[in-house]
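Taking it in order: structure first as structure tokens, then the write-up.
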Amino acid sequence: MHLEQLLEKTFGYRTFRLGQKEIIEDVLGKYDVLAMLPTGGGKSICYQLPGYVLGGNVLIVSPLVSLMEDQVQQLRMRGEKRVIALNSFLPDEMKKAALANLRYFRFIYASPEILQSPLWLQALKKAAIALFVVDEAHCISQWGPDFRPDFLKLGMIRAQLGHPPCLALTATATPEVMNDVIETLQLTNVRKHIYPVDRQNIAIQVECVASADEKLERLLYYAKTLQGPGIIYVSSRQWAETLARKLQAEGMEGVAYYHGGMDPEQRMLVQQQFLCDQLQIVCCTNAFGMGVNKENVRYVLHFHLPGQMEAYVQEIGRAGRDGKNSLAILLYTHGDEDMVQSLIEAELPTEEQIRLFVEHGSSALRSMLGISDVQWRLLQYLFEKEASAHTAEEIVANLREAIDRRRKWKRKKLEQMRLFLFRPSCRREQIVSYFHQSLTNKPENCCDRCTFSLESYRLKRHDEPAWTFCGWEEELKRIFRNEEYTWIKGNKSNR
Amino acid sequence: MLPYLLLYCLHRFNGERSLAAVYHLLSGKKSAQTLQDSKWFQLEHVFGVCKTISLLELEQTAQELLMQKWIVSIDERSYMLTEAGRRELEQWLPSARFFAHLNGSFYHAVDTLFWYRLSLAVQTLSNLVHRYKFAPIHRHEATLAWVKKYFLSQTKPAHDLAQALYQELHALCSSLPEEEATIFTLRLTSFERIGWTNEQIALFFRKDPLYIQLMFQHLLHYMMKRIERESHLFPVLHEFVKDLVKPVSLTLSAQKTYEWLQKGKTIAEIARIRKLKRNTIEDHIVEIAANVREFSIEPFVAEETRRMIMKEATRLGTRQLKKIRDAVGHHVSYFEIRLVLAKAGELRAS
Ligand SMILES: [Zn+2]
């Protein structure tokens with residue numbers, strides 16, 4: 001069967017999107033493949049389709065539990081039953097069944113952390129892993145935005161599984177990060193498929209305003225006048241709630257907030273409401289977005305400065321997946337970088353924490369030190385790397401130095417972001433050159449440095465709400481009763 | 001809303017526990033100390049009802065209460081209500097309708113599971129009836145597995161099952177005030193509509209989100225209790241709860257007495273109706289107190305008396321009725337002492 005036929009039969013698409021076919025052919029040719037596809041470019045097809053051709057299991061290592069769950073869900077919706085996500089939330093019964101017969105599953109999703117468990121690794125060894133996929137592979141680089149040391153061990157794990165061919169997928173990686181990925185995963189014979197990061201249908205606007213108040217004013221203006229649905233990114237949970245409440249207080253409907261501190265059910269409700277167009281605006285932290293496959297997001301607005309270009313490009317890439325014209329707006333006011341700066345500091349262990357960690361080093365200390373997850377992972381990783389032969393003083397000094405390197409690196413990233421704000425050249429050109437690419441074509445609506453009009457992005461239609469509340473009795477009836485069906489049934493029994 | 005809830009807890013703790021105890025109570029920390037505290041100070045119903053609350057939030061709220069002069073600090077981290085605080089609490093209590101059925105210590109570990117199962121089943125049925133494809137509203141694997149198994153084991157066609165579930169939910173909602181039935185229905189996800197969050201419902205009613213959250217739990221607790229008690233009336237819903245809640249074991253005769261009590265009859269009335277001795281009915285009530293967690297002994301024992309009995313029982317380290325009665329004074333009846341001990345013992349046994 002041709003790949004195209006398989007694509008239509010299994011996924012219901014007539015044609016491949018940019019790069020998919022070439023990547024799949026190399027994967028089926030058992031090469032190691034590094035692929036960089038633009039955000040929303042249909043990365044998952046690149047390993048899901050081979051899953052139906054290769055005789056064996058596909059293991060997908062994914063950085064986020066929620067991302068895994070979303071992908072498992074999407075496969076199940078397509079009728080694929082042989083799919084599982086290994087994570088610590090798996091109920092005991094299912095865990096037992098999965099451990100006994102992992103080979104049964106065509107697609108096995110796993111977090112890098114769970115692969116550290118000897119139990120699961122043993123079970124994976126007994127399965128026949130035909131393809132080792134690393135999703136969001138830029139996380140592998142120790143210079144990734146989040147520090148995930150367990151990603152660094154993936155090369156070793158792959159070796160233990162008998163070196164199956166590897167597919168590393170990312171949307172945003174500089175050449176420096178790509179080399180890191182190749183090295184860490186021990187890719188040999190590697191075929192690179194690098195596609196443009198640029199998304200032609202997203203117009204880019206950066207707006208510097210005089211004060212925090214004015215920024216808020218601009219936000220309200222955009223929220224009220226732009227055609228939704230839209231995503232508003234902020235830097236903290238607190239801000240997500242504050243902005244959502246402000247917009248609601250302005251009489252706007254269909255606004256909600258989303259962040260990692262919410263109860264899982266409430267979070268899911270917001271995500272699903274947004275997907276089903278019940279919401280027009282979600283104010284959120286960067287916890288929202290990955291795995292949310294929504295085609296018609298019309299704009300992404302950054303209320304705070306992202307800490308680095310990679311994150312910015314990922315986030316604006318959530319707009320316009322349907323290929324239609326969309327907008328990315330970044331609001332900046334003097335001093336915003338200080339907030340990012342303090343977020344950076346908050347993520348790094350302090351001098352005192354380093355000292356206590358080295359001197360006592362037990363995990364019992366963790367709560368006492370008041371350490372965040374990121375700080376803890378970083379300390380543990382750096383500590384493991386230090387040879388035990390050193391004296392405590394030397395280890396402290398080395399850790400301090402390593403952490404300082406990280407601080408400098410993060411500051412450099414922030415500085416690049418700042419340059420992006422103030423440099424007078426085309427935004428699109430700046431983005432692609434950050435990823436060492438060049439721009440072949442400028443769209444009509446390019447960026448605020450080139451000229452473009454916001455006119456075509458303005459609110460056009462006021463959709464009538466598909467549903468209105470008419471009291472609980474009516475609602476219960478609506479949920480359970482299909483009048484059409486009841487009518488047919490009634491007619492039949494009358495005869 | 002949180003200020004009042006805190007005021008309520010501090011009032012019951014009576015200056016004998018710190019803010020950390022309130023935190024452990026509301027967030028549902030499963031330690032012997034917290035469980036005992038909740039029993040001792042009669043706060044079982046709010047055990048674990050705010051699982052996502054933080055100590056910091058409580059500390060800030062306590063600061064607010066201090067500024068309002070509704071509480072005073074009596075030592076480093078414990079507080080007593082002022083006269084003004086007591087008045088505020090009293091005024092607020094009638095509006096706190098969730099206290100009617102809220103039963104945290106009994107249901108906190110299972111109400112979410114019940115809700116996950118129920119809401120996923122409703123979403124599934126609704127979409128089946130309307131022939132829609134849908135993405136499940138929960139990602140909780142155990143629930144997904146349970147609901148799948150449930151539907152596979154059904155022999156009825158989906159439409160019939162939907163109508164049966166509709167009837168049962170309609171009956172439950174009809175027995176509730178309009179506002180509560182509305183909260184419940186708005187939370188449900190169905191075809192073409194994702195359920196609302198507590199926050200969205202709060203906006204709709206112009207109420208505090210915490211109020212909606214507590215109301216919703218109170219609703220679930222009410223439903224679970226009725227489904228369990230009257231399983232013959234709710235055969236479909238009973239499937240959702242039966243493995244979650246341990247059945248209450250009462251003798252048949254005590255069960256009868258319990259039903260009369262729930263209808264609001266007094267001991268004397270029940271004795272007359274059932275043609276039994278008062279003593280027998282009292283025995284039943286002691287049995288109920290020992291076995292039914294949510295059964296309150298408040299109507300039979302004054303709060304002051306209860307505290308006194310517990311204090312003396314602990315001080316003497318005894319459960320001997322006569323010794324305790326000698327210590328507390330002969331104005332207290334054996335029945336009262338037995339009730340208090342039965343209630344306290346029920347905690348130990350669980
Ligand atoms: Zn441009």
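Labels below follow one simple rule: chain letters A, B, ... track the order of the sequence lines, proteins then strands, and each chain is numbered from 1.
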Item to complete: Indicate whether the side chain of B:Tyr4 and that of B:Ser95 have a donor and an acceptor atom separated by less than 3.5 Å.
Response: no
Discussion item. For B:Ser119 and B:Arg187, which I'm curious about, is there any donor-acceptor pair between the side chains at under 3.5 Å?
Written reply: no
Discussion item. Let's test your reading of the structure: which of A:Glu93, A:Arg76, A:Gln74 forms the most heavy-atom pairs below 4.5 Å with chain B?
Written reply: A:Arg76
Worksheet item: Just by distance, with hydrogens left out, do A:Gln273 and B:Gln200 show a side-chain donor and acceptor under 3.5 Å apart?
Response: yes
Item to complete: Determine whether the side chains of B:Tyr222 and B:Glu180 contain a donor N or O and an acceptor N or O closer than 3.5 Å.
Response: no
Worksheet item: Parallel, tilted or perpendicular: which describes the rings of B:Tyr166 and B:His170, with under 30° parallel and over 60° perpendicular?
Response: tilted
Worksheet item: Side chain, backbone, both or neither: which part of B:Ser174 has a heavy atom under 4.5 Å from chain A?
Response: both
Worksheet, complete the sentence: Test side chain to side chain contact (heavy atoms under 4.5 Å, CB included), reference A:Leu67, set A:Asp135, A:Val72, A:Val292, output is A:Asp135
Worksheet item: Is the B:Trp146-B:Tyr116 ring centre distance short of 6.0 angstrom?
Response: no
Discussion item. Between A:Phe274 and A:Tyr258, is the ring centroid distance below 6.0 Å?
Written reply: no
Practice prompt. Sort out for me which of A:Gln271, A:Glu69, A:Arg478 touches chain B most, counting heavy-atom pairs under 4.5 Å.
Written response: A:Arg478
Discussion item. Counting heavy-atom pairs under 4.5 Å with chain A, which one of B:Glu178, B:Gln123, B:His140, B:Arg193 comes out on top?
Written reply: B:Arg193
Item to complete: Against chain B, label A:Gln248 side chain, backbone, both or neither, depending on which of its atoms sit under 4.5 Å from a heavy atom there.
Response: side chain
Discussion item. Need one label for A:Gln73: side chain, backbone, both or neither, based on atoms under 4.5 Å from any heavy atom in chain B.
Written reply: side chain
Fill in: Part of B:Asn198 lying under 4.5 Å from any heavy atom of chain A
both
Item to complete: Count the heavy-atom pairs under 4.5 Å between each of A:Glu265, A:Glu473, A:Glu475, A:Met268 and chain B, then report the option with the highest count.
Response: A:Glu265
Response to the item:
Heaviest contributor of heavy-atom pairs below 4.5 Å to chain B, chosen from A:Leu275, A:Leu476, A:Asp92, is A:Leu476
Fill in: Residue B:Phe184 versus chain A: region with a heavy atom under 4.5 Å
neither
Worksheet entry | Side chain / backbone / both / neither for A:Ala256 at chain B, heavy atoms under 4.5 Å | side chain
Discussion item. Under 4.5 Å from any heavy atom of chain B, what part of A:Ile84 do you find: side chain, backbone, both or neither?
Written reply: neither
Item to complete: Measure distances from B:Trp115 to the heavy atoms of chain A and classify the residue's part below 4.5 Å as side chain, backbone, both or neither.
Response: side chain
Worksheet item: Are B:Phe205 and B:Tyr211 close enough that their ring centers fall under 6.0 Å?
Response: no
Practice prompt. Please look at B:Leu128 and chain A and tell me whether the side chain, the backbone, both or neither of the residue comes under 4.5 angstrom of a heavy atom of that chain.
Written response: neither
Worksheet item: With only heavy atoms counted, which part of A:Met77 is less than 4.5 Å from chain B, the side chain, the backbone, both or neither?
Response: both
Worksheet item: Where does B:Ile183 contact chain A at under 4.5 Å (heavy atoms): side chain, backbone, both or neither?
Response: neither
Worksheet item: Is there side-chain contact between A:Met68 and A:Leu86, with at least one heavy-atom pair below 4.5 Å?
Response: no
